[in-house]
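Structure first, commentary second.
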Amino acid sequence: MRERNHHERIDSHKSSKSDEKHKHKEHKHKEHKSKERDKDREKSKHSSSSSKNHSNSEYKESSEKRHKEKLKHRDGSSDKHRHKNKEKRKEEKEKLHSSSSGVGDKIKKENGFTSPPRIKQEVDDEYLPSVKVENKPTKRARIDDDVDFKPKKPKIEDEKRTKKRKAEEVTKSKKGKMKGQADGAGKKKKKKEEEDKWKWWEEERYTDGVKWKFLEHKGPVFAPPYIPLPDKVKFYYDGKHMKLSPQAEEVATFFGKMLDHEYTTKDIFRKNFFKDWRKEMKPEEKSTIVDLNKCDFEEMNQHFKDQSEARKQMSKEEKLKLKEENEKLLQEYGFCIMDNHKERIANFRIEPPGLFRGRGNHPKMGMLKRRIRPEDIIINCSKDSKVPVPPHGHKWKTIRHDNKVTWLVSWTENIQGSIKYIMLNPSSRIKGEKDWQKYETARRLKKCVDKIRAQYREDWKSKEMKVRQRAVALYFIDKLALRAGNEKEEGETADTVGCCSLRVEHIKLHTELDGQEYMVEFDFLGKDSIRYYNKVPVEKRVFKNLQLFMENKQPEDDLFDRLNTSILNKHLQELMDGLTAKVFRTYNASITLQQQLKELTNPDENVAAKILSYNRANRAVAILCNHQRAPPKTFEKSMQNLQTKIDAKKDQIGMARRELKGAKADHKVKKDEKTRKSVESKKKALQRVEEQLMKLEVQATDREENKQIALGTSKLNYLDPRISIAWCKKWDIQTEKIYNKTQREKFAWAIDMADEDYEF
DNA sequence: ATTCAGACTTGGAAAAATGTTA
DNA sequence: TAACATTTTTCCAAGTCTGAAT
């Protein structure tokens with residue numbers, strides 16, 4: 001950020017953003033940098049035994065340096081020019097290469113779809129042309145899909161509900177009437193609940209980009225106004241008490257609340273905070289408070305701790321009252337009417353002001369996120385609806401009636417200048433339909449993925465650099481489930497990359513490593529600055545291509561310099577309607593789950609063990625997608641507790657065994673009914689405890705394996721829920737065992753529609 | 001072709017709610 | 001019944017992708 005501003009000033013006479021970007025990139029301290037990276041690698045090697053390393057912290061430090069080490073720009077020659085020359089050189093070399101190495105290329109056993117780390121076996125099979133799937137032209141596939149995606153009849157026989165939304169109201173009331181007449185009073189309630197569950201998936205979708213016909217809501221709930229601190233809570237500057245103006249005090253409390261957080265120790269955070277805080281100060285304050293290090297927020301911090309403690313200690317009645325108030329608010333603002341149905345809103349509360357907490361090494365961390373007022377708010381609703389009323393004495397910024405979008409409320413946030421929205425809950429029709437559609441697109445990919453894979457393998461040999469890069473990138477996206485990797489504005493966000501934005505410094509080539517040939521070692525920060533570390537064997541041709549792409553480049557140069565997400569997606573679009581890079585992630589995630597479930601589920605095992613298998617399948621996907629979490633702070637202890645329980649259970653078993661033995665002996669002697677019964681019951685008791693033990697042990701295994709893996713995201717966003725539902729039905733496992741209430745609501749469509757035979 | 005705003009999905013952490021134990 | 005552990009929900013940042021403007 002600093003550096004960037006500096007440059008902007010110097011270079012202000014010219015240059016587009018992209019020029020600037022390259023200038024920055026191309027004049028960094030190489031030696032310095034690469035040394036840093038080496039050190040880093042060294043570290044990561046030590047710390048990782050598995051092929052994917054999960055420690056983020058190490059990486060972050062060094063990535064931080066990236067920004068700092070940029071050197072001054074010097075020459076003015078056009079960037080594009082340079083680029084072109086570079087590429088020409090490359091193309092020449094490429095020709096040489098392909099003619100010399102191409103011939104000897106034998107087809108390896110490796111087909112390019114070896115398992116991602118720790119997934120036992122998988123996509124391999126997918127690559128082989130399957131019997132069932134012919135390679136249809138994409139057009140055709142599209143049609144197929146559409147058929148698939150249309151609501152299915154079965155469950156609506158009796159009611160003929162497949163009609164246009166317009167007709168819904170009629171349907172509904174008619175239905176109500178029928179019920180009212182038919183049912184006895186006692187049944188009414190239950191019936192009503194049933195009716196409330198609207199099966200939108202049995203109705204027709206909008207086709208023309210229209211998202212709704214009617215939309216009515218009450219607008220957002222604003223953050224509560226700032227309550228000044230009581231006088232006894234003091235702020236000290238340089239050891240001296242200082243009463244702050246309300247504005248300055250509010251911002252100070254944001255910092256005070258966070259005192260225990262690591263953020264407040266970070267330089268950038270402190271610097272950004274202090275700068276923005278000073279903007280809120282009165283002139284006197286501004287002239288006095290010049291050094292953040294001399295500020296003492298301790299009492300504020302304590303005050304808020306006390307407050308939250310007090311909240312915990314509230315009496316039952318008070319808590320209940322609070323809960324009721326919350327519920328009232330939810331009832332009033334938490335729902336909207338969209339096309340005759342009451343739907344839950346996801347986030348009806350406006351984000352309160354506070355300090356921006358970017359993730360990873362974010363240049364803007366600590367900046368003040370300002371309070372949103374009604375005047376910042378754009379309302380979206382239908383013309384014929386009751387327009388939400390702004391708070392007294394205020395006006396909305398704008399009121400819109402745009403039914404081509406799904407949001408109800410929007411505002412522009414001041415840190416990145418991006419737009420924030422209030423939208424509906426995942427259980428809503430509008431989200432659900434889209435979600436369903438996403439999986440249908442992925443299923444269409446399944447039908448043509450063989451063809452696409454064959455195609456990009458062909459493209460590895462292309463004469464055109466652009467095509468080769470595209471093909472290798474796509475291979476990574478497919479094989480490793482990498483994200484597309486859009487370009488980002490440098491200095492505005494943390495330095496993270498995806499596939500297309502990988503830089504030379506992010507991969508290392510090893511002709512041989514760990515006994516395998518042609519290994520690529522990935523090490524970069526992905527979304528949310530989560531580290532991706534992986535060593536993968538690739539095909540020789542890919543390897544050679546990578547060498548080519550890296551020739552004559554600096555570590556900080558783009559690996560795929562002729563490629564970006566827009567080029568890639570345009571290409572994908574041509575291969576299959578609706579295909580984009582992220583579809584591969586969805587596809588590979590879902591297909592992996594399906595295969596893993598098939599492979600891991602043991603019919604003879606009990607429910608607990610089956611669930612463990614499910615979780616393991618889920619885990620395989622999470623690993624593929626690199627979904628990591630920080631190990632829970634209480635992890636070790638919680639493992640210990642579980643172990644204690646297990647030990648206790650084992651003792652119990654010993655006891656039960658002895659008792660059984662005794663009973664048996666008794667029975668042998670007496671041979672009467674009473675002792676026989678006793679033996680029976682002891683046997684049962686033993687069995688019971690053994691089962692409990694088994695459950696605990698399964699739980700322990702599951703938890704251990706899940707230490708640094710986050711299952712949530714894949715479960716919620718990547719796995720076709722119908723696969724899971726089919727699995728549940730097949731093995732007679734309750735849906736509740738794998739989906740909690742929220743999840744069941746979100747996946748209601750899948751729960752209703754998938755049967756045991758569903759195949760992704 | 002490139003840039004940019006906009007809209008929407010995806011992501012882990014943290015807070016809140018709920019369950020369990022001493 | 002408080003303290004602690006675990007699960008669920010909320011929060012909001014950070015991606016992807018589209019389409020319009022230039």
Side-chain angles (χ1 to χ4, degrees), chain A residues 16-19 56 80 209 211 258 261 308 311-313 316 319 322-323 326 346-352 354 356-360 362 364-365 369 378 380 402 404-407 410 412-413 415-421 423-426 430-431 434-435 438 483-489 492-494 496-501 525-530 564-570 572-573 578-583 585-586 589 622 625-630 632-635 637-642 644-645 699 703 708-718 739-743 745:
Chain A
S16 73
K17 263 172 194 156
S18 85
D19 275 356
N56 265 318
K80 282 239 166 102
K211 303 290 170 59
M258 289 180 72
H261 204 291
S308 82
R311 212 164 334 146
K312 268 191 230 157
Q313 299 302 322
K316 260 199 183 131
K319 275 185 185 166
L322 219 64
K323 207 175 165 184
N326 244 309
N347 54 326
F348 58 90
R349 285 168 214 270
I350 298 279
E351 294 172 18
F356 176 77
R357 299 146 93 126
R359 293 195 260 261
H362 197 118
K364 296 191 172 182
M365 64 168 82
K369 223 171 71 162
I378 303 172
N380 193 31
D402 183 355
K404 298 271 206 281
V405 297
T406 68
W407 53 268
S410 78
T412 301
E413 152 268 0
I415 303 290
Q416 321 267 359
S418 67
I419 308 168
K420 300 246 179 171
Y421 303 92
M423 292 183 186
L424 296 194
N425 203 61
I430 212 156
K431 293 289 182 190
K434 199 82 187 294
D435 204 36
K438 172 181 74 187
R483 296 185 186 81
N486 286 314
E487 319 65 350
K488 325 176 22 182
E489 211 177 328
E492 298 291 301
T493 62
T496 64
V497 298
C499 186
C500 293
S501 49
L525 295 184
K527 182 177 177 180
D528 291 324
S529 293
I530 300 283
N564 60 41
T565 53
S566 143
I567 295 172
L568 178 66
N569 279 335
K570 209 168 273 169
L572 292 176
Q573 188 59 236
L579 186 61
T580 61
K582 83 198 255 287
V583 178
R585 239 165 114 82
T586 311
C625 294
N626 200 38
H627 290 144
Q628 303 183 30
R629 62 165 178 177
K633 286 175 283 298
T634 55
F635 185 82
K637 205 162 82 190
S638 115
M639 276 322 274
Q640 244 171 29
N641 290 162
L642 205 48
T644 317
K645 273 192 196 170
Q699 203 184 344
R703 191 174 298 177
Q708 325 193 266
I709 313 289
L711 298 185
T713 298
S714 50
K715 202 171 190 174
L716 238 50
N717 300 302
Y718 288 103
Y739 290 140
N740 67 30
K741 188 166 138 281
T742 320
Q743 294 167 159
E745 277 167 15

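Scope of the values below: all heavy atoms of this structure, side chains included, with no hydrogens, waters or symmetry mates. Lettering follows sequence order; numbering is per chain, from 1. All values derive from a computational prediction rather than experimental measurement.
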Consider the side chain of A/K438, meaning its heavy atoms from C-beta on, and name the nucleotide among B/dT9, B/dT10, B/dG12 that approaches it most closely. B/dT10

Charged N to carboxylate O under 4.0 angstrom, A/K369 versus A/E351? yes

Are any of A/N486's side-chain N or O atoms less than 4.0 Å away from OP1 or OP2 of C/dT16? yes

Between C/dT6 and A/S638, is there an OP1 or OP2 to side-chain N/O distance shorter than 4.0 Å? yes

From B/dG12, C/dA14, C/dC17, nucleotide with atom closest to A/D528 side chain: C/dA14

Of all the choices, C/dC17, C/dC12, B/dT18, which nucleotide is nearest to the side chain of A/K420 once you look at every atom? C/dC12

Ignoring backbone atoms, establish whether A/R703 has a side-chain N or O less than 4.0 Å from OP1 or OP2 of C/dT6. yes

Is there a side chain to side chain contact (heavy atoms under 4.5 Å, CB included) between A/S638 and A/R703? Walk through the geometry before answering. CA-CA 9 Å; A/S638 115; A/R703 191 174 298 177; 2.8 Å; yes

For A/K570, answer base if it contacts any base atom (sugar-phosphate contacts may also be present), sugar-phosphate if it contacts only those atoms, and nothing otherwise; contact means non-hydrogen atoms under 4.0 Å. nothing

Which nucleotide, B/dT10, B/dG12, B/dC8, lies nearest any side-chain atom of A/K582? B/dT10

I'd like to know if the side chain of A/N569 reaches the main chain of A/A581, judged simply by a donor and an acceptor atom lying under 3.5 Å from each other, with no hydrogens or angles considered. yes

Would you say C/dA14 has OP1 or OP2 under 4.0 Å from some side-chain N or O of A/H362? yes

Are OP1 or OP2 of B/dT21 and a side-chain N or O of A/K645 less than 4.0 angstrom apart? yes

Under 4.0 Å between a side-chain N or O of A/R483 and OP1 or OP2 of B/dG11? yes

Which one, B/dC8, B/dG12, B/dA14, comes nearest to the side chain of A/A710? B/dG12

A/T634 side chain N/O closer than 4.0 Å to the phosphate oxygens (OP1, OP2) of C/dA5? no

Could you please spell out the steps behind the side chain to side chain contact (heavy atoms under 4.5 Å, CB included) verdict for A/L579 and A/Q573? CA-CA 5 Å; A/L579 186 61; A/Q573 188 59 236; 5.9 Å; no

Does A/K364 make a side-chain N or O approach to OP1 or OP2 of C/dA13 shorter than 4.0 Å? no

Considering just the side-chain nitrogens and oxygens of A/K431, establish if one lies under 4.0 Å of OP1 or OP2 belonging to B/dC8. no

So does A/T493 get a side-chain nitrogen or oxygen closer than 4.0 Å to the phosphate oxygens (OP1/OP2) of C/dA14? no

Nearest 0.5 Å please: distance from the CD1 atom of A/I709 over to the SG atom of A/C625. 11.5 Å

Under 3.5 Å donor-acceptor pair, A/K527 side-chain atoms to B/dT10 base atoms: yes

Please determine if a side-chain N or O atom of A/K633 lies less than 4.0 Å away from the OP1 or OP2 oxygen of C/dA5. no

Of the listed nucleotides B/dG11, C/dA3, B/dC8, the one nearest the side chain of A/K211: B/dC8

Hey, is the main chain of A/G485 close enough, under 3.5 Å, to the side chain of A/K527 for a donor-acceptor pair? no

Side-chain N,O (A/N347) to OP1/OP2 (C/dC11) below 4.0 Å: no

Can you find a side chain N or O atom of A/S566 that sits less than 4.0 Å from OP1 or OP2 on C/dC17? no

Ignoring backbone atoms, establish whether A/R359 has a side-chain N or O less than 4.0 Å from OP1 or OP2 of C/dC11. no

